[in-house]
There are 2 protein chains.
Amino acid sequence: MSQTVDRALSILPLLAQGPADLGQVAMRLGVHKSTALRLLRTLHEHGLVYRQEDQRYRLGARLFALAQEAVENLDVREIAHSHLVALNEQCGHTVHLAVYEENEVLYIDKVESRYPVRMYSRIGKPVAITVAAVAKLLLADLAEPERRAIAERLDYPMYTSRSLPNAGAFLKELAVVREQGWATDLGGHEESINCIGAPIRGADGRVVAAMSVSAPNVVVTAEELLTLLPLVRRTADTISREYSGTTPTKKA
Amino acid sequence: MSQTVDRALSILPLLAQGPADLGQVAMRLGVHKSTALRLLRTLHEHGLVYRQEDQRYRLGARLFALAQEAVENLDVREIAHSHLVALNEQCGHTVHLAVYEENEVLYIDKVESRYPVRMYSRIGKPVAITVAAVAKLLLADLAEPERRAIAERLDYPMYTSRSLPNAGAFLKELAVVREQGWATDLGGHEESINCIGAPIRGADGRVVAAMSVSAPNVVVTAEELLTLLPLVRRTADTISREYSGTTPTKKA
DNA sequence: CGTGATCGTTGCATTCTCCGCAACGGCCAT
DNA sequence: ATGGCCGTTGCGGAGAATGCAACGATCACG
């Protein structure tokens with residue numbers, strides 16, 4: 001809608017791939033060097049881009065600070081956190097909290113496993129949307145037309161032989177998840193890692209977030225992990241109740 | 001420099017404090033509602049802001065993804081990471097990696113302690129710049145005038161009784177750090193937590209990053225922690241060598 | 001040591017884009 | 001039913017952003 005801003009913001013994903021100099025930015029934006037310079041300067045003033053010693057630009061520190069502040073101010077996260085820690089202390093495994101937002105599912109909190117073998121993930125990182133337990137939970141709750149639309153728009157990379165291969169299989173899985181109120185990912189993302197997850201619901205019953213417990217095969221088998229299901233669901237329900245109970249506008 | 005972009009970007013820190021509706025954004029920007037709307041729309045298209053169900057705006061998912069990608073593409077971080085993990089496996093404590101950028105010091109990597117008592121910190125979070133060991137290391141290497149300028153611009157919050165109280169004490173401490181080539185924070189940020197840190201240098205000898213090991217009193221005393229100093233310095237030097245050796249432009 | 005090329009930077013005139021206004025329409029509360 | 005609030009849209013004018021061309025610094029190469 002706003003050309004100038006549009007161009008300026010297009011620089012960010014460009015720099016996310018790696019540092020670039022003025023000429024490269026101008027070229028990839030399709031604008032004159034002087035224009036690119038002025039845009040970069042404005043971004044720089046706001047701390048979103050940083051100029052390193054070789055004069056090339058890369059993303060700046062304030063970007064992290066912003067993402068940081070934002071994630072810490074999410075209501076669900078704030079409420080859920082202590083419960084996730086408690087769950088981690090009981091079972092010892094990695095606990096994740098995720099939300100859905102505009103075709104992406106992303107982790108907004110994480111409590112690390114106490115076992116030496118840990119899975120790789122990071123807060124803010126987009127989730128493998130076609131296989132992760134939390135993704136299934138979040139998508140399963142969308143209205144049918146939207147769910148279908150998204151399912152058909154997605155790619156279905158075969159991370160492992162047990163990854164869901166296409167929109168049909170995915171929608172079928174979502175129907176199951178929707179019905180039973182919990183979800184699993186048994187080696188669908190990484191062969192040796194299993195997850196079980198449960199939804200967190202708002203006052204109106206809609207799913208606002210999802211949580212999961214993940215553990216590698218070498219620590220517990222899938223069957224053993226499944227015995228934790230009642231505990232996980234109970235935790236999720238506790239968080240749901242607390243979340244529903246809070247007044248809409250809390251502390252400023 | 002660019003008014004439109006400037007206004008648009010000013011919205012981000014505003015939303016970082018919490019969700020806001022159109023009217024609030026317009027008012028706090030000092031522009032007409034229609035203007036704010038168009039700016040927000042553009043930000044929305046780029047995924048930087050998200051419109052939640054109550055129509056209020058908050059920061060969006062892509063912001064996290066960007067910060068994420070950016071931090072993962074930092075050369076130092078990539079090189080250092082495996083060494084930090086190795087160090088953590090040897091000593092068991094929390095290991096941090098930090099860089100300086102435009103008046104801020106921020107963590108860009110972290111390996112969690114294997115002990116149950118952990119200190120709170122998060123990648124991307126700005127560091128307590130007047131007390132942290134890594135901050136001292138990074139600032140100590142700046143040219144004298146800049147160092148002095150920054151020192152006098154800073155606030156000196158007294159986190160504990162051992163926090164550095166003012167610019168004079170801070171500069172004195174920096175001189176010591178600069179001389180000895182390593183730094184400590186003994187209870188200056190949190191009473192019960194000690195850190196020791198060492199600098200990572202580029203080919204030209206300038207400090208490009210700093211790393212530290214942190215542990216609470218209840219796990220090891222400050223004296224015991226200091227026995228790890230040779231190990232920490234050796235790790236930092238190893239990373240420095242590897243970093244200096246790399247060709248300036250690696251993998252596109 | 002000199003010379004050419006490359007890249008970032010600046011001032012300026014033109015034009016396009018963004019801005020504020022005012023009116024519309026939906027929603028909620030009264 | 002009705003009034004107020006908030007988000008949204010079309011429009012003309014004004015101001016801002018754009019591209020151009022020239023400058024200057026830095027670096028590589030002869």
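Throughout, a chain's letter reflects where its sequence line sits, starting with A, and its residues are numbered from 1.
Atom CG of Leu37(A) and atom P of dA21(D) are 18 Å apart (whole Å). Distance, Met1(A) CE to dT8(D) P: 11 Å, rounded to whole Å. In this structure, CG of Leu39(A) is placed 16 Å from P of dA16(D), rounded to the nearest angstrom. At whole-Å resolution of the value, CG in Asp6(B) and P in dG15(D) are 18 Å apart. Per the geometry, CG belonging to Asp21(B) stands 11 Å off P belonging to dT8(D), to the nearest Å. Put simply, CZ on Arg38(A) is 11 Å from C1' on dA16(D), counting in whole angstrom units. In this structure, the CG atom of Leu22(A) is 18 Å from the P atom of dA25(D), given to the nearest Å. One atom, NZ of Lys33(A), and another, C1' of dC20(D), lie 11 Å apart when rounded to the nearest Å.
In summary, Arg62(A) and Glu102(B) do not engage in a salt bridge, as defined by a charged side-chain N under 4.0 Å from a carboxylate O. The residues Glu144(B) and Arg178(B) are annotated as not salt-bridged, no charged nitrogen and carboxylate oxygen being separated by less than 4.0 angstrom.
Using a 4.0 Å cut-off, some side-chain N or O of Arg41(B) falls inside it from OP1 or OP2 of dT9(D). For the OP1/OP2 pair of dA17(D) and a distance below 4.0 Å, the side-chain nitrogens and oxygens of Ser2(B) include at least one atom meeting the criterion.
Considering every non-hydrogen atom in both Asp155(B) and Thr130(B), the closest pair reads O-CG2, 3.2 Å.
Contact of the Trp182(A) side chain with the Val177(A) side chain is not registered, since no non-hydrogen atoms from C-beta on lie closer than 4.5 Å. Val232(A) places none of its side-chain heavy atoms less than 4.5 Å from the side chain of Val95(A). The side-chain heavy atoms of His46(B) and Ser10(A), taken from C-beta on, include a pair separated by under 4.5 Å. With a 4.5 Å cut-off on side-chain heavy atoms, Glu242(A) and His83(A) count as touching.
Take the nearest nucleotide of DNA chain C for Gln24(A) and for Ala36(B): the residue whose nucleotide is more 5' is Gln24(A).
With axes fitted over five pairs at each extremity, the angle between the ends of the helix from dC1(C)-dG30(D) to dT30(C)-dA1(D) is 50° (10° resolution).
Under the 30°/60° scheme for interplanar angles, the aromatic rings of Tyr156(A) and Phe170(A) are found to stand perpendicular.
For Arg51(B), the side-chain atoms get nearest to dG7(D) when compared with the rest of dC20(D), dG7(D), dG10(D). Closest approach to the Gln3(B) side chain among dG19(D), dA17(D), dG7(D) is made by dA17(D) (side chain taken as heavy atoms from C-beta onward).
With hydrogens and angles ignored, the 3.5 Å screen pairs no side-chain donor or acceptor of Tyr107(A) with any backbone N or O of Lys110(A).
In 5' to 3' order, the nucleotides of DNA chain C bounding all contacts with chain A (an atom under 4.0 Å from a heavy atom) are dG8(C) to dC18(C).
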